[in-house]
Number of protein chains: 2
Amino acid sequence: MDFAQADALNQAIRLLSLRHRARAAALIAPLGLHPGQEALLLELDRTGPRIQAQLSEALGVEPPSVTLMARKLEASGHIRRSPAPSDRRASIVELTDSGRELAERVKEVWRGLAEETVAGLPAAAAAEIPGLLAAMTANVAPRRTGPGRARAADSGG
Amino acid sequence: MDFAQADALNQAIRLLSLRHRARAAALIAPLGLHPGQEALLLELDRTGPRIQAQLSEALGVEPPSVTLMARKLEASGHIRRSPAPSDRRASIVELTDSGRELAERVKEVWRGLAEETVAGLPAAAAAEIPGLLAAMTANVAPRRTGPGRARAADSGG
DNA sequence: CACATAAGCTTATGCGCATAAGCAATTCTC
DNA sequence: GAGAATTGCTTATGCGCATAAGCTTATGTG
């Protein structure tokens, strides 16, 4: 691969990231949400109550980010946090009634965003895209040694 | 498109954004760069001197972001800023010798990142990806009325 | 030419996400 | 069962990017 191709790919990813995020932000702003929060709500809606470590894994963000996201969503009444009975370190996060309603709203705009994103593309191409993106994501994702926590493998910085 | 498909797409874009950016950050950190700065250097390397408004457009970020990025790259000696003779509001940004050397380094890691990103994908798929991403980006990009500056079309907030 | 509008840039401020560091609770190992 | 290592969460802090607001210079309009 020559530099022009490499640059086209990296730049395309960067631009799509910025634009898609900005568009998502614009769409969920009327719901009182900032980007990132919709992902937490949707994850809870998909899977039910989760502890923060699971949310961190599912959302692809670090634990401190989950702490802050959860705190804000709790403050606005969309989620509830309670200590886990089986593990007193852990915090169970679940949707409130308000959060469930909000999640439904988010799902509507989420559908609209996806359709807007692939508008004009051949259906076959659109169907392949999530898989392609996931494959690329896996390629650049930090390596996990196994069931354990991710470790910094390089000692040299 | 049902919600599951829409969600798969949006989530895939979000995750790729996070991971690709994180990987890029890890790769350019040894060069003393933070993510975003490499884009500015590469743009100058591609096109030669630009004023900040052009960089804002090319990089897909807002003018205040360019101001800060440029200030930091100037402080580290990689770019030079000088007033444009034809328009005293504008600031011409160009690479220094140090910046040109650094851009070459960036191009190397940029190639490596792209190859890592599409590793394992069929060559045909990899070749299509930049175009697909660009099409999606165009779909979610803010509408421009024409040659003029983008305007906020909604008065209602 | 005077004035209003637009364009280029900057400062101030806020949010998301990151890493570093630290505490509390759990689990592993002997 | 005691100490060590791991896990879950939090606080502190920093960077990128955004919007809001303001300054300076250019440009359009009478």
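A note on names: the letters A, B, ... follow the listed sequences, proteins ahead of strands, and every chain is numbered from 1. All values below come from the heavy atoms of this structure, side chains included, with hydrogens, waters and symmetry mates left out.
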Rounded distance in Å - CD1 (B/I92) to P (C/dA7):
20 Å
Counting the atoms with a prime plus P, OP1 and OP2 as sugar-phosphate, which does B/T67 contact under 4.0 Å by heavy atoms, base, sugar-phosphate, or nothing?
base
Assess whether a salt bridge exists between B/R105 and B/E101, defined as any Lys/Arg side-chain N lying under 4.0 Å from an Asp/Glu carboxylate O.
no
Quick one, which residues of residues 46-54 of chain B touch DNA chain C with a heavy atom under 4.0 Å?
B/I51, B/Q52, B/A53
Under the side-chain hydrogen bond (donor to acceptor under 3.5 Å, both in side chains) test, residues paired with B/T96 that sit two or more places apart:
none
Can you pull out the residues from residues 98-108 of chain B that lie within a 4.0 Å heavy-atom distance of DNA chain C?
none
Does B/I51 sit in a hydrophobic cluster with other residues, and if so which ones, taking ILVMFWY side chains as linked at heavy-atom separations under 4.5 Å, directly or through other members?
B/I92
Pairs satisfying side chain to side chain donor-acceptor pair (under 3.5 Å), at least one member in residues 20-32 of chain B, at least two apart
A/N10-B/H20, B/R23-B/E116
Rounded to the nearest Å, what distance is computed from the CG atom of residue A/L59 to the P atom of nucleotide D/dG8?
16 Å
What residue pairs, at least two apart or across chains, pass salt bridge (Lys or Arg N to Asp or Glu O under 4.0 Å) with a residue in residues 2-18 of chain B?
A/R46-B/D7
Please list every donor-acceptor pair under 3.5 Å in which a side-chain atom of residues 121-136 of chain A meets a protein atom from a residue at least two apart or in another chain.
none

Among all residues two or more places apart in sequence or in another chain, which pass the side-chain hydrogen bond (donor to acceptor under 3.5 Å, both in side chains) test with B/E104?
B/K107
All N/O donor-acceptor pairs, side-chain side in residues 24-38 of chain A, below 3.5 Å, sequence neighbours left out:
residue	atom	partner	partner atom	Å
A/Q37	OE1	A/H34	N	3.0
A/E38	OE1	A/G36	N	2.8

Under-3.5 Å N/O pairs linking protein and nucleotides 23-25 of chain D:
residue	atom	partner	partner atom	Å
D/dT25	O2	B/R89	NH1	3.4

Can a donor-acceptor pair be found between the side chains of B/Q52 and B/R81 at a distance below 3.5 Å?
yes
When A/S86 and A/K72 are each assigned the nearest nucleotide of DNA chain C, the 5'-most assignment goes to A/K72
Which atoms form the tightest heavy-atom contact between B/L95 and B/I79, and what is the distance?
CD2-CG2, 4.2 Å
Taking all atoms of both residues into account, what is the closest heavy-atom pair of B/A58 and A/Q11, and its distance?
O-NE2, 4.2 Å
Output all residues satisfying side-chain hydrogen bond (donor to acceptor under 3.5 Å, both in side chains) with B/S76, sequence neighbours left out; order by chain, then residue number.
none
Kindly give the heavy-atom pair with the smallest separation between A/L113 and B/V140, and that separation in Å.
CD1-CG1, 4.2 Å
Collect all protein-nucleotide pairs involving nucleotides 17-20 of chain D in which both atoms are nitrogen or oxygen and the distance is under 3.5 Å.
residue	atom	partner	partner atom	Å
D/dC17	OP1	A/R14	NH1	3.1
D/dC17	OP1	A/R14	NH2	3.1
D/dA18	OP2	B/E62	N	2.7
D/dA18	OP2	B/S65	OG	3.2

